[in-house]
Amino acid sequence: MTGPQGLAIDATTVAQRDELEVLLLREMIRIRRFEERCVELYSRESIRGFLHLAVGEEACAVGVMQALSPDDAIVATYREHGHALARGISMRATLAELEGKVEGCSRGRGGSMHLFDASTRFFGGNAIVAGGLPVAVGLALADHLRGRHRVTACFFGDGAVAEGEFHEAMNLAALWHLPVLFCCENNLYAMGTALEFTESETDLSLKAASYRMASWEVDGMDVLAVREAARQASDAVRSGGGPHFLEMRTYRFRSHSMYDPDRYRDKSEIERWKLRDPIGQLTTQLMSRGVLVSADLEGIEADVAAEIQDAVDFAAAGTDEPIEELERFVTSPPAPRDRP
Amino acid sequence: MSVITYREAVRQAIREALISDDRVFVMGEDVGHYGGTYAVTLGLLEEFGPERIRDTPLSESGFVGAGIGAALGGMRPIVEVMTVNFSLLALDQIMNNAASLLYMSGGQLNVPLVIRMATGAGRQVAAQHSHSLEGWYAHIPGLRVLAPATIDDARRMLAPALEDPDPVLIFEHAMLYGTEGEPSQDAVDLTSAAIRRAGDDVTIVAYGGTLRTALGAAQVLAAEGIDAQVVDLRILRPLDTATIVGAVAHTHRAVVVDEGWRSGSLSAEVASRITEEAFYDLDAPVARVCSAEVPMPYAKHLEDEVMPQVDDVVAAVRAMGA
């Protein structure tokens with residue numbers, strides 16, 4: 001099965017469609033500018049550890065999240081700032097987490113790679129490649145057993161398909177007909193090694209097909225296409241159609257992490273992909289249709305800049321978790337009967 | 001209550017949990033149609049159906065991870081892993097997710113998951129089905145690790161384990177499934193070690209499969225006029241240090257029996273705690289009786305030689321001059 005070719009979004013009127021497209025653009029700009037600011041904060045050593053940016057891949061996070069409901073669950077990877085923001089975790093809590101503050105969405109315990117938020121059903125932030133897939137299967141199994149019509153969207157990269165856990169999870173989800181939306185962000189590189197050097201079969205949708213799972217390929221640089229594919233796929237999953245596999249073909253403009261010297265790909269390849277920048281493409285489209293004028297774009301940028309500055313100030317004013325709490329949450333607080 | 005086997009005790013505990021809480025389900029290899037590798041779940045598929053007694057493919061990481069996800073989603077899964085050797089295929093999920101999620105998420109995500117697995121040697125199944133690796137799991141913060149050695153614990157530990165909001169691993173020594181006893185009606189705790197035999201001359205610390213060895217040694221020693229006290233650890237993490245130290249303070253001598261390998265083992269941890277906290281109570285250095293440091297051989301006489309035997313424990317006690 002292949003994905004939808006045309007745009008047939010559920011926004012019925014032209015005005016609604018325009019409004020939706022501007023929203024998608026705004027969300028992508030939020031993520032892009034946020035991550036650009038993170039680079040600065042990293043240089044100033046406010047953020048440390050690993051920092052994996054998704055600059056260039058924003059359409060995947062935004063397109064999928066816009067297709068989900070608040071009841072749905074998300075399992076993400078270590079490159080998940082965009083997923084967290086697009087899902088609705090506040091920029092304040094996200095940045096405070098990156099700066100290791102107790103006001104962060106994981107109390108500063110997780111950092112960039114481990115963003116969590118129970119209130120938006122955002123289950124991480126998993127930094128073991130493919131480690132989140134079995135967990136997503138389990139979340140979906142719980143929904144299945146309780147008769148809840150919810151979707152678990154599980155993000156992972158192309159590198160994950162080489163892991164055994166990918167195949168175990170795909171098989172389980174298909175075998176048990178569970179409501180999982182597998183969202184593969186194929187950016188062509190597993191850290192610094194290209195897909196062609198690691199996979200005997202580089203057409204990832206064939207792997208899904210081998211589990212008799214509906215698979216959709218979509219241009220991951222086109223947020224409208226992603227959003228529409230995710231909407232149709234998640235509708236199918238929600239209504240009992242079994243797991244679906246969405247391969248989003250995308251590209252990371254920046255290095256794997258702040259440590260990566262990016263020796264493994266041609267600068268010209270990066271420049272070629274930048275021509276398909278999801279933000280640039282949608283901006284051009286909206287402006288050429290007259291939906292957006294320069295002033296609107298400036299307005300969006302100003303709003304986003306203000307939100308980021310607010311988050312930066314919030315994180316800077318954040319507090320360190322008291323050392324006395326170091327061992328808190330290793331296990332749950334003692335229950336009266338069973339704990340010493 | 002009538003006399004039942006350890007296997008029946010575990011089955012009764014699972015059945016009781018399935019009846020009393022509809023969030024509970026069982027998942028693992030051959031738990032359904034086969035009836036459980038050790039026949040623990042025999043008959044449960046017929047009674048509870050395939051949704052709640054769920055046969056899985058041979059995907060340890062996949063179904064243990066699914067258990068974690070189901071626990072996050074509000075269920076109370078009992079995941080059975082066939083043997084501890086196979087659990088290494090799921091170690092990523094157990095360590096990086098089950099044990100870490102609560103902490104990594106700043107206290108937001110509990111994983112109320114129970115994982116049961118068989119452990120231990122004695123059946124001539126050689127080097128990939130016989131090891132006692134529970135000590136590795138006892139190394140990991142965020143897990144509670146149980147080793148029921150008695151019919152009572154086999155019958156009663158599961159209910160509080162399912163009430164625990166955090167992941168609990170239960171290690172059942174494969175040689176215990178056929179042992180018999182009469183379970184009491186009383187609830188058990190998941191915090192304390194138990195004194196299984198009172199004695200004044202030496203403390204033998206054991207758990208799981210080695211409890212029988214320790215009690216057997218105590219019997220032999222009694223005939224020689226040596227009165228051994230036997231401590232059953234029951235909970236391998238968190239260790240009940242107070243009971244161990246209290247017992248040693250009473251007898252002034254201690255032998256730790258562990259079917260795991262000596263180096264970096266649970267027995268090393270117990271011995272260290274005794275030396276750290278009861279050093280001045282000791283009349284002799286702490287002794288250990290562990291498995292020989294080899295991958296488990298198949299031949300019967302070699303396997304016997306590897307495992308801690310009653311005679312080994314008796315010899316260790318004699319050597320202390322008790």
Side-chain angles (χ1 to χ4, degrees), chain A residues 73 75 97 102 104-110 113-119 123-128 130-146 148 150 152 163-165 167-173 175-176 178 321 327-333 335 337-340, chain B residues 22-23 25 27 51-52 54 56-75 77 89-90 92-93 95-113 141-144 160-161 163-167 187 189-192 238 240 242:
Chain A
V75 176
E97 186 58 36
V102 75
C105 59
S106 309
R107 295 178 64 89
R109 299 286 185 74
M113 297 188 286
H114 305 299
L115 305 174
F116 289 91
D117 182 41
S119 69
F123 293 93
N126 196 311
I128 305 296
L133 278 89
V135 175
V137 167
L139 283 160
L141 176 60
D143 288 334
H144 164 78
L145 289 169
R146 299 317 258 179
R148 299 180 292 230
R150 307 199 291 206
T152 297
E163 295 280 3
E165 288 188 313
H167 295 277
E168 294 187 10
M170 293 286 283
N171 181 51
L172 279 175
L175 181 72
W176 293 342
L178 298 176
E321 184 168 24
E327 293 184 12
R328 195 176 169 198
F329 303 127
V330 172
T331 53
S332 299
R337 188 159 71 81
D338 289 330
R339 310 266 169 168
Chain B
D22 68 359
R23 298 171 303 172
F25 68 100
M27 175 162 63
E51 290 283 33
R52 299 186 73 196
R54 191 166 277 270
T56 67
L58 309 187
S59 303
E60 284 81 2
S61 199
F63 67 76
V64 169
I68 293 166
L72 290 170
M75 304 301 287
L89 292 160
D92 165 50
Q93 290 297 333
M95 161 82 204
N96 287 316
N97 282 331
S100 305
L101 277 169
L102 181 66
Y103 195 85
M104 274 201 307
S105 68
Q108 294 180 82
L109 301 180
N110 285 104
V111 182
L113 168 70
L143 300 180
R144 183 178 297 270
E163 280 174 27
D164 195 314
D166 303 322
D189 70 64
L190 298 188
T191 51
S192 56
D240 175 9

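Quick caveat, the model's predicted, so the values are computed rather than measured. Only heavy atoms go into these numbers, but all of them, side chains included; no hydrogens, no water, no symmetry mates. In what follows, every chain begins at residue 1, and chains take the letters A, B, ... in the order their sequences are listed.
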Handout entry: Distance-minimising heavy-atom pair for A:A142 and B:M75
Key = CB-CG, 3.6 Å

Handout entry: Minimum side-chain heavy-atom gap A:W176-B:T56 below 4.5 Å
Key = yes

Exercise for the section: Heavy-atom distances under 4.5 Å only: say whether A:R328 touches chain B with side chain, backbone, both or neither. Expected result: backbone

Handout entry: A:L175 portion near chain B, given a 4.5 angstrom heavy-atom threshold
Key = side chain

Problem - Under 4.5 Å from a heavy atom of chain B, the part of A:A136 involved - result: neither

Fill in the blank from the handout: Among A:A130, A:A118, A:A127, A:A173, the residue with the most heavy-atom pairs under 4.5 Å to chain B is A:A118

Problem - Non-hydrogen atoms of B:G142 and A:T331 that approach each other most closely - result: CA-CG2, 4.1 Å

Problem - Interface residue of largest heavy-atom contact number with chain B, from A:D143, A:L141, A:V137, under 4.5 Å - result: A:L141

Exercise for the section: Just give me the residue among A:R107, A:E321, A:E327 that pairs up with chain B most often, heavy atom to heavy atom, under 4.5 Å. Expected result: A:R107

Handout entry: Heavy-atom closest contact (A:P134 atom, B:Q93 atom, distance)
Key = CG-NE2, 3.5 Å

Problem - Contact summary for A:L139 and B:G73, nearest pair of heavy atoms - result: CD2-N, 3.8 Å

Exercise for the section: Not counting sequence neighbours, which residues clear side-chain hydrogen bond (donor to acceptor under 3.5 Å, both in side chains) with A:N126? List them please. Expected result: B:N97

Handout entry: Contact class of B:L89 relative to chain A, heavy atoms under 4.5 angstrom
Key = neither

Completion exercise
Nearest heavy-atom contact between A:F116 and B:Q108 is O-NE2, 3.3 Å

Completion exercise
In terms of heavy-atom pairs under 4.5 Å with chain B, the winner among A:G108, A:G131, A:A169, A:S119 is A:G131

Handout entry: Part of A:H167 lying under 4.5 Å from any heavy atom of chain B
Key = neither

Problem - Most chain A-contacting option - heavy-atom pairs closer than 4.5 Å, from B:V111, B:L58, B:L72 - result: B:L72

Completion exercise
Okay, B:D240 and chain A: the region with an atom under 4.5 Å from a heavy atom over there is neither

Practice task
Identify which part of B:R54 has an atom lying under 4.5 Å from any heavy atom of chain A, answering side chain, backbone, both or neither.
Solution key: side chain

Practice task
Hey, could you give me the CG/CZ distance between A:L145 and B:R52, rounded to the nearest 0.5 Å?
Solution key: 9.0 Å

Handout entry: Shortest non-hydrogen separation from A:S332 to B:N110 and the atoms involved
Key = OG-ND2, 2.7 Å

Give every donor-acceptor pair under 3.5 Å between a side-chain atom in residues 60-69 of chain B and any protein atom, sequence neighbours left out.
unit_1 : atom_1 : unit_2 : atom_2 : d
B:S61  : OG     : A:E165 : OE2    : 2.4

Fill in the blank from the handout: When rounded to the nearest 0.5 Å, the distance separating CZ of A:R109 from CG of B:L102 is 8.5 Å

